[in-house]
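The structure under discussion appears below in the form of structure tokens.
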2 protein chains.
Amino acid sequence: MTKATGIASRLSKAGYRLTPQRIMILDAIEGASGHISAEEIYQKIKALYPGLNISTVYRTMELLKETGMVTETDMGDGRVRFHSVGHEHHHHLVCSRCGAVIDLDEAVLAPLTTLLTEKFGFSADLKHLAIFGHCKDCDR
Amino acid sequence: MTKATGIASRLSKAGYRLTPQRIMILDAIEGASGHISAEEIYQKIKALYPGLNISTVYRTMELLKETGMVTETDMGDGRVRFHSVGHEHHHHLVCSRCGAVIDLDEAVLAPLTTLLTEKFGFSADLKHLAIFGHCKDCDR
DNA sequence: GGGCTTATTGCAACTCGTCGCAATTACAAA
DNA sequence: TTTGTAATTGCGACGAGTTGCAATAAGCCC
């Protein structure tokens with residue numbers, strides 16, 4: 001109930017109820033460094049509050065995504081990861097052969113999003129993108 | 001055994017066995033116009049050959065992806081779609097609010113892939129990408 | 001054609017994520 | 001503080017996709 005107070009109040013101001021489950025989930029996300037999976041959030045909380053259900057975690061993440069407080073990234077390992085928004089956005093180059101991950105600054109994709117807006121009136125949601133391919137070492 | 005002969009021989013030349021299941025799956029993909037899901041492939045074939053197992057379809061698609069004969073696209077509807085390579089690649093702008101899909105020419109992403117190669121030595125595999133966001137009508 | 005080797009298949013069990021529904025509960029209003 | 005009600009939760013069942021393992025069979029060699 002400490003660190004997540006800011007996000008929590010934003011949630012309640014947006015018209016959503018502040019349940020203990022949500023508060024604990026928010027805490028878990030804020031407390032986590034970097035990316036965290038739904039299962040990890042679930043396990044963290046279950047230690048203190050065994051009543052929590054995994055589907056509540058998924059539904060809360062859905063909510064946080066919609067309200068833009070969290071982003072979702074599929075790093076290709078069969079497990080989606082979440083990341084609280086607030087710091088600069090960044091992207092990932094994921095090598096599908098060796099699994100290496102290269103971090104990519106948001107600026108690299110800026111020209112693309114601009115182009116999509118101008119040409120198609122489409123505002124791309126590229127807060128946290130994973131691009132698959134082959135890294136230098138694995139390239140044929 | 002008719003249309004897919006070309007792809008089939010490519011498969012066998014690559015050192016993979018040509019099983020009846022694989023031939024039927026290749027036929028189904030070639031026969032399909034545009035995108036097709038694993039379930040659709042499965043149902044198509046099961047009518048003629050009930051012995052087929054769905055996991056064989058998935059494993060074959062994995063194989064075809066690796067050998068670059070097929071691309072995979074997640075259109076955000078909870079069902080991945082496949083598409084045989086050979087025609088020009090294209091991409092999709094998917095509106096996460098109304099579900100509209102705008103087709104995008106490959107050329108639009110060419111500058112990005114070039115940049116990634118030059119700057120990071122990373123060859124991005126952007127044969128069939130779905131970019132999520134909001135379309136003109138759904139934009140806030 | 002017949003045998004041998006190893007890739008491939010079918011099966012069953014599993015994981016991640018979603019959904020419908022009934023029970024609970026946050027929060028606004030009295 | 002009590003009540004009313006719609007949002008939220010837990011639960012169980014489901015759907016998509018993956019995996020380990022034993023049985024099968026494609027394709028090579030003779």
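Proteins get letters first, then strands, A, B, ... in listed order; numbering begins at 1 in each.
- Among the protein residues, Ile54(A) comes within range of no part of the nucleic acid, since none of its heavy atoms lies under 4.0 Å from any strand.
- Taking atom CG of residue Asp74(A) and atom C1' of nucleotide dG17(C), one finds them 12 Å apart after rounding to whole Å.
- Look at Lys65(A) and Glu62(A) and you find a salt bridge, because one of the NZ, NE, NH1 or NH2 atoms lies within 4.0 Å of a carboxylate O, short of that distance.
- Distances shorter than 4.0 Å separate none of the side-chain N or O atoms of Arg17(B) from OP1 or OP2 on dT6(C).
- At the heavy-atom level, Arg59(A) lies under 4.0 Å from base atoms of the strands shown.
- As a whole-Å value, the separation of Leu11(B) CG from dA26(D) P is 15 Å.
- Remark: Gln21(B) is not in phosphate contact with dA26(D), judged by side-chain N or O atoms under 4.0 Å from OP1 or OP2.
- Nucleic acid contact class of Ser37(B) (heavy atoms, under 4.0 Å, all strands): none.
- Residue-level contact check: Pro20(A) touches the backbone only, with heavy atoms under 4.0 Å from sugar-phosphate atoms and none from bases.
- Asp103(A) and His92(A) share a donor-acceptor pair across their side chains, judged by distance under 3.5 Å alone.
- The Asn53(A) side chain lies nearest to dC11(D) when the options are dG17(D), dC11(D), dC27(C).
- Atom CZ in Arg81(B) sits 12.0 Å away from atom NE2 in His83(B) (nearest 0.5 Å).
- Among the nucleotides dA16(D), dG10(C), dT8(C), the one closest to any side-chain atom of Thr19(B) is dT8(C).
- The shortest distance between the side-chain N/O atoms of Thr56(B) and the OP1/OP2 oxygens of dG10(C) is below 4.0 Å.
- Picking from dT8(D), dC11(D), dA16(D) the nucleotide with the shortest atom distance to the side chain of Tyr16(A) gives dT8(D).
- Residue contacts shown for Ser55(B) include a base, since a base heavy atom lies under 4.0 Å away.
- Comparing Arg79(B) and Ser12(B), the nucleotide of DNA chain D nearest to each residue sits closer to the 5' end for Arg79(B).
- Dashed line: the shortest gap from a side-chain N or O of Tyr58(A) to OP1 or OP2 of dG17(C) is under 4.0 Å.
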